[in-house]
**Q** 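After the structure tokens below, expect a handful of questions from me.
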Amino acid sequence: MVERFSASLKAELLAEFDRFISRHGYENRSEAIRDLIRTALVADEWQAGKAEVVGVVTLVYDHHRPNLLNRITRIQHESPASVITTTHVHLDHHNCLEIIIARGKPAQVRALADSLTSLKGVKNGSLSAATTGRRLS
Ligand code: NI
């Protein structure tokens with residue numbers, strides 16, 4: 001079921017929002033507002049820390065670094081978050097890119113990401129905070 005609601009805001013803020021909408025390619029205000037609400041709800045899931053979330057960890061590292069591959073593997077095996085899948089790309093002679101998708105409590109997924117991205121030899125690491133989607137419509 002779809003419900004309609006109205007909101008009041010200053011003309012300048014609405015004009016700024018409309019520019020945002022066109023920059024980001026939204027068809028209309030409703031679609032933009034729906035996405036912003038979902039983004040806020042996912043951020044809140046991560047903040048509240050109770051519901052299960054999904055995180056995507058991206059790492060770029062030099063695979064010649066002694067022991068680094070072992071460490072990356074061990075951390076994933078020992079994490080209380082469950083690793084769903086990993087993808088490995090050999091970027092060039094030295095550099096590898098790895099994507100690790102994990103689900104669990106926010107603190108577990110964040111700890112997994114922190115342990116991996118802080119490893120010596122990891123040149124670049126990030127966590128994308130995603131959701132199981134269960135609480136979003
Ligand atoms: Ni590689």
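Start at 1 and go down the list; that is how both ligands and their atoms are numbered. In this text, all values refer to a predicted model and were calculated from it rather than measured experimentally.
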**Q** Can you give me the closest heavy-atom contact between Arg65 and Gly121, atom names plus distance?
**A** CD-CA, 3.6 Å

**Q** Quick one: name the protein N/O/S atoms under 2.8 Å from the Ni ion (ligand 1), chain by chain.
**A** His88 NE2, His90 ND1, Cys96 SG

**Q** List the atom of Ser126, the atom of Thr117, and the distance in Å for their closest heavy-atom pair.
**A** N-CG2, 3.7 Å

**Q** Kindly state each residue pair satisfying ring pair (Phe, Tyr, Trp, His ring centres under 6.0 Å) with at least one member in residues 94-137, sequence neighbours excluded.
**A** His64-His94

**Q** Side chains of Leu127 and Trp46, heavy atoms from C-beta outward: is any pair under 4.5 Å?
**A** yes

**Q** For residues 17-24, which side-chain N or O atoms pair as donor and acceptor with protein atoms under 3.5 Å away, sequence neighbours left out?
**A**
{"from": "Asp18", "atom 1": "OD1", "to": "Arg29", "atom 2": "NE", "distance (Å)": "2.9"}
{"from": "Asp18", "atom 1": "OD2", "to": "Arg29", "atom 2": "NH2", "distance (Å)": "2.8"}
{"from": "Arg19", "atom 1": "NH2", "to": "Glu16", "atom 2": "OE1", "distance (Å)": "2.8"}
{"from": "Ser22", "atom 1": "OG", "to": "Arg19", "atom 2": "O", "distance (Å)": "3.3"}

**Q** Show every donor-acceptor pair shorter than 3.5 Å between a side-chain atom in residues 97-107 and any protein atom, with sequence neighbours excluded, or say none if there are none.
**A**
{"from": "Glu98", "atom 1": "OE1", "to": "Tyr61", "atom 2": "OH", "distance (Å)": "2.7"}
{"from": "Glu98", "atom 1": "OE1", "to": "His88", "atom 2": "ND1", "distance (Å)": "2.7"}
{"from": "Arg103", "atom 1": "NE", "to": "Glu52", "atom 2": "OE1", "distance (Å)": "3.3"}
{"from": "Arg103", "atom 1": "NH2", "to": "Glu52", "atom 2": "OE1", "distance (Å)": "3.0"}

